[in-house]
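First the structure, in the form of structure tokens, and then the observations on it.
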Amino acid sequence: MSFTKVVIERDTDSEEESSSGDENDQVDDYPSEEEDDDDQVLENEASTTTSRKTKTKPITISLKKVCKVCKRSGHEAGFKGATYIDCPMKPCFLCKMPGHTTISCPHRATTEYGVIPAPRKGTHNSLEYVFARQLRPHIPAIKPTVVIPDQVNCAVIRYHSRRVTCLEFHPTNNSLLLSGDKKGQLGVWDFKRVHEKTVYGNIHGCILNNLKFNPTNDGTVYGASSDGTISCTDLETGMSMGLINLNPNGWQGPSSWRMLYGLDINSQRGNLIAADNFGSLYMVDMRSNTTTGDSVLIHKKGSKVTCLHCHPHQPDILLSCGNDHFARIWDMRKLEAGSSIYDLSHNRVVNSAYFSPQSGSKILTTSQDNRLRVWDSIFGNLDSPSREIVHSHDFNRHLTPFRAEWDPKDPSECLIVVGRYISENYNGAALHPIDFIDISTGQLVAAVMDPNITTISPVNKLHPRDDVLASGSSRSIFIWRPKEKFESELLGDEKRIILCGKGEKKRRQSDDESDDATYRSKGKSSKTKKPILKSSSHGRQRKC
DNA sequence: ACACAATGGTACC
DNA sequence: TGGTACCCCTTGTG
């Protein structure tokens, strides 16, 4: 391996450089195996004592190529084409164990690697008895055939002006999708009539963390935001009402600014619940739209609560999780600090925790230790997870946190969906698939991807009734359907990809006939390439 | 083909 | 407890 050597003259009149930064001009052949001075990137060869009379010896800087992760030379981390090479000095980026890198990690080849059978339940208490008696009959013994929505059916490219943070399907209108973004904007998109899309921009000031439909009026939606407010918005008009404002005095610095996360509804009590970044839970009466009771500390004081979920059959049973590395189960009839029924311990921050959608007997958690965990209250023991699946969904401050979600249609409560962080080299393109995993075995059922989607898709939602997946990737939203449906329904209709934002403007300059574009799903794309877009020749104009 | 900015979690003092 | 340095397979823009 060779490294460029730059020689800088010291104290000369001309200030001439002995060498420019040109790669191959003046090259010293360094041995490829490094000596002991691994860390020494800058070598000062200037003489300090002898030659000061006439002229000072030059300083020689050798610009050795160093690893951007550990700053040592001899290896380099980063993309080589569409394959990422890990820094060998770091623990495996996937399973976090030292001694190997992601490329040779056994979990990379098979997601079920290391998944151990669930320990059988050994203890009983009243809660478990209730779960077992009431919910066990709901669980069918036979697994249905899974249908994977694996083809991009339609999309809105650069729909939001910031990255997508949450998605929610309408409870009755099958083709209506709501989306929230980092800026606090709310998107309403009818993906059957792809041009019918709106973005409401004046509801929240920053990150819209969660959306939840009003169970008594599906024309309105609640939103919890990092601006510290809960909103109630009319989807038709975009008119919004604030229910809670935790920062009535405005910005007083980060130590006092409250942000709201995790939004759910206790339908029995008619309560809306949300929690903040300091560990407290808030309740709002949905009839009077006023706060009920005091806030309750449900996670470590000062730590963020990341997600809330009410049990599907027993709304008084609440699941929460947060930055204190715990997911906790609560009885809302007796809710006070420290009164949790169970504390599910994790190694890192827990991004999300959800009861299984049909019976509520299982809990799925996504933790930043790159593990998905399933906790089974009937067949397992809540003292430890019944399944632990190594999966790449690391934290990155620039990405919306990953949340594994259940398939709400799967009666056997086995199928989950979660976006993948690390990329795979697919035919020369670095793509980040969306994974479907069977949590009963840990097996990867499907990894869906599209050569045009080169960005990570941390936000994924499966449709409550149809075989449809919605995914949020960067600022864009994609609708996936099974291949068969895709082919039958799209016959003769190619205009399903809508371009927004800057791309739209640029394209209009060259082709001002329409505001949409078809999208070539064949063809390669590289990691650095933008999605391949081909403008179409007709269509209506509509604002994004 | 670069540089740069945005900015959460954590370990450590 | 608060401050801060460091982590880092991002993404869009200029």
Side-chain angles (χ1 to χ4, degrees), chain A residues 21-23 67-71 75-96 101-103 105 107-108 157-165 181-183 206-207 209 226 253-257 259 261 277-279 299-306 321-325 346-351 366-370 391-402 419-426 429-433 449 452-459 472-476 499-506 525-531:
Chain A
D22 204 338
E23 278 274 333
C67 170
K68 64 178 181 185
V69 176
C70 69
K71 309 286 185 267
H75 65 269
E76 273 183 272
F79 276 102
K80 284 271 186 294
T83 306
Y84 192 90
I85 309 296
D86 271 336
C87 170
M89 309 307 287
K90 292 280 171 180
C92 172
F93 191 73
L94 176 54
C95 74
K96 306 300 175 196
T101 62
T102 316
I103 288 196
C105 180
H107 296 284
R108 188 179 188 122
I157 311 289
R158 275 176 247 119
Y159 179 37
H160 284 273
S161 57
R162 293 287 184 276
R163 66 172 198 242
V164 173
T165 52
D181 72 19
K182 196 171 166 289
K183 214 175 173 182
C206 60
I207 314 178
N209 290 307
S226 288
S255 57
S256 63
W257 184 258
M259 308 190 244
Y261 295 84
N277 54 326
F278 293 106
H299 281 271
K300 186 181 168 187
K301 195 181 175 188
S303 77
K304 188 202 284 181
V305 180
T306 50
C321 60
N323 278 14
D324 63 354
H325 301 192
H346 295 70
N347 297 330
R348 293 291 194 93
V349 169
V350 190
N351 286 346
T366 309
S367 172
Q368 289 181 10
D369 65 354
N370 261 3
H391 178 266
S392 173
H393 50 255
D394 257 355
F395 171 79
N396 182 312
R397 61 180 145 173
H398 309 294
L399 298 173
T400 303
F402 289 85
R420 195 192 300 177
Y421 190 163
I422 51 173
S423 59
E424 206 74 55
N425 185 343
Y426 293 100
L431 303 178
H432 309 264
M449 75 207 85
N452 291 289
I453 308 173
T454 54
T455 48
I456 296 170
S457 307
V459 191
S473 195
S474 185
R475 294 147 57 187
S476 308
L499 261 183
C500 302
K502 204 180 165 190
E504 188 183 19
K505 277 183 202 159
K506 262 190 185 172
S525 67
S526 73
K527 189 192 170 290
T528 48
K529 274 181 194 160
K530 296 276 180 289

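Here is the naming used below: chain letters follow the sequence lines, and residue numbers restart at 1 for every chain.
- For the pair A:Lys90 and C:dC9, the criterion of a side-chain N or O lying under 4.0 Å from OP1 or OP2 is not met.
- For B:dT7, one of the phosphate oxygens OP1 or OP2 lies less than 4.0 angstrom from a side-chain nitrogen or oxygen of A:Lys182.
- Closest to the side chain of A:Phe395, from the set B:dG8, C:dC9, C:dT10, is B:dG8.
- For the pair A:Lys68 NZ and C:dC6 P, the interatomic distance rounds to 18 Å; values are reported in whole Å.
- Comparing A:Asn347 and A:His398 against DNA chain B, the residue whose closest nucleotide sits nearer the 5' end is A:His398.
- For A:His391, the ring pair (Phe, Tyr, Trp, His ring centres under 6.0 Å) criterion is met by A:His393, not counting sequence neighbours.
- Not a single donor-acceptor pair under 3.5 Å links the side chain of A:Asn323 to the backbone N or O of A:Ser303.
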Just distance, no hydrogens or angles: give the donor-acceptor pairs under 3.5 Å from side chains in residues 84-96 of chain A, sequence neighbours left out.
from    : atom 1 : to       : atom 2 : distance (Å)
A:Asp86 : OD2    : A:Thr102 : N      : 2.9
A:Asp86 : OD2    : A:Thr102 : OG1    : 2.1
A:Lys96 : NZ     : A:Phe93  : O      : 3.0
A:Lys96 : NZ     : A:Asp394 : OD1    : 3.3
A:Lys96 : NZ     : A:Asp394 : OD2    : 2.8

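- An OP1 or OP2 oxygen of C:dG12 is reached within less than 4.0 angstrom by a side-chain nitrogen or oxygen of A:Ser474.
- Put simply, the side chain of A:Ser423 never gets that close to the backbone of A:Leu431: no donor and acceptor are under 3.5 Å apart.
- Regarding A:Trp257, its CH2 atom lies at a distance of 14 Å from the P atom of B:dG8, rounded to whole Å.
- Distances from the side chain of A:Asn323 to the nucleotides B:dA6, C:dC8, B:dG9 place B:dG9 closest.
- C:dT11 atom P lies 8 Å from atom CG of A:Asn396, rounded to whole Å.
- Between A:Met259 atom CE and B:dT7 atom C1' there is a gap of 11 Å when expressed in whole angstrom units.
- In this structure, of C:dT11, C:dC9, B:dG9, it is C:dT11 that holds the atom nearest to the side chain of A:Ile456.
- Rounded to a whole angstrom, the distance from the C1' atom of B:dA11 to that of C:dC9 is 23 Å.
- Remark: P of C:dC6 and CZ of A:Arg397 are 13 Å apart, rounded to the nearest angstrom.
- For A:His432, there are no ring pair (Phe, Tyr, Trp, His ring centres under 6.0 Å) partners, not counting sequence neighbours.
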Anything under 3.5 Å between a protein N or O and an N or O of nucleotides 1-4 of chain C, put it in a table, one pair a line.
none

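- Nucleic acid contact class of A:Lys304 (heavy atoms, under 4.0 Å, all strands): sugar-phosphate only.
- A donor-acceptor pair under 3.5 Å is absent between the side-chain atoms of A:Ser457 and the main chain of A:Gly419, judged by distance alone.
- Using a 4.0 Å heavy-atom criterion, one finds that A:Ser423 contacts the bases of the nucleic acid, with or without backbone contacts as well.
- Listed pair A:Arg348 / B:dG8 fails the phosphate criterion, with no side-chain N or O lying under 4.0 Å from OP1 or OP2.
- By the ring pair (Phe, Tyr, Trp, His ring centres under 6.0 Å) test, A:His325 pairs with no residue at all, sequence neighbours left out.
- Straight-line distance from the CZ atom of A:Phe402 to the C1' atom of C:dC8: 13 Å, rounded to whole Å.
- Computed from coordinates, the A:Phe79 CZ to B:dA1 P distance equals 15 Å when rounded to whole Å.
- Using a 4.0 Å heavy-atom cutoff across all strands shown, A:Thr102 reaches at least one base atom of the nucleic acid.
- B:dG9 atom C1' lies 17 Å from atom NE2 of A:His299, rounded to whole Å.
- For A:Val69, whose side chain is taken as the heavy atoms from C-beta onward, the closest listed nucleotide among B:dT7, C:dT11, C:dC9 is C:dC9.
- Closest contact between the side chain of A:Arg475 and the listed nucleotides B:dG8, C:dC9, C:dG12 involves C:dG12.
- In terms of the salt bridge (Lys or Arg N to Asp or Glu O under 4.0 Å) criterion, residue partners of A:Arg108 (sequence neighbours excluded) are, by chain and number, A:Glu424.
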